[in-house]
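Only one structure is covered here, and it is reproduced in the block below.
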Amino acid sequence: MTTQKIYDLLDADQQRTGAAVLAVSSDVAALAQFVDEIAFLYRGTIQYRGPASTIADAPDPIVRQFVRGELDGPLGEAA
């Protein structure tokens, strides 16, 4: 199954039941298409929590680097 199909099934179930859905993924681009709000967890700390549409412009450089897929930045230094 594709990621989009899984998100479609989760969305349909959420619409039917009204339940909250918690999705965990490293594919932020696909996840941002599915959720309204997103949280980014790094080393046990929430680095970003807010609208999925603005995560690529988050003030935290770790979040921006991960979401944008950049090679240079603090994640390379943290290794």
Side-chain angles (χ1 to χ4, degrees):
M1 295 183 85
T2 67
T3 301
Q4 185 60 50
K5 182 62 177 172
I6 291 169
Y7 289 151
D8 289 346
L9 291 169
L10 287 170
D11 186 51
D13 195 45
Q14 192 276 331
Q15 294 294 325
R16 184 176 53 79
T17 65
V21 175
L22 174 66
V24 178
S25 177
S26 62
D27 186 350
V28 179
L31 187 62
Q33 300 292 319
F34 172 65
V35 300
D36 297 322
E37 187 171 320
I38 197 165
F40 184 94
L41 183 68
Y42 178 70
R43 294 191 173 178
T45 302
I46 294 178
Q47 301 292 116
Y48 174 86
R49 182 175 177 224
S53 61
T54 62
I55 192 169
D57 298 317
D60 187 296
I62 290 172
V63 176
R64 283 195 316 271
Q65 181 187 356
F66 183 86
V67 172
R68 294 175 182 178
E70 297 169 343
L71 297 177
D72 294 323
L75 287 174
E77 298 163 9

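Since we're looking at a predicted model, the values are computed, not measured.
Heavy-atom contacts from other residues, nucleotides or ligands closer than 6.0 Å to CG of Asp27 number more than 12.
Checking side-chain atoms of Arg49 against main-chain N and O of Ala39 turns up no donor-acceptor pair under 3.5 Å. Using modelled atom types, one side-chain atom of Gln65 and one backbone atom of Leu75 make a donor-acceptor pair closer than 3.5 Å.
Nearest heavy atoms, Phe34 versus Tyr7: CE1-O, 3.2 Å. Between Ile46 and Leu41 the shortest heavy-atom distance is N-CD1, 3.8 Å. The two residues Ala52 and Val35 come nearest to each other via the heavy atoms CB-O, 3.6 Å. Contact between Asp57 and Arg68 at its shortest, heavy atoms only, is OD1-NH2, 3.1 Å.
In this structure, CG on Leu31 lies 11.5 Å from CZ on Phe40, to the nearest 0.5 angstrom. In this structure, the separation between CD on Gln4 and CG on Leu9 is 10.0 Å, given to the nearest 0.5 Å.
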### Query
Going through the distances and angles, do Tyr48 and Asp60 end up as a side-chain contact (heavy atoms from CB on, under 4.5 Å)?
CA-CA 7 Å; Tyr48 174 86; Asp60 187 296; 5.8 Å; no

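At a threshold of 4.0 Å, the pair Arg16-Asp13 counts as salt-bridged, since one of the basic side-chain nitrogens sits closer than that to a carboxylate oxygen.
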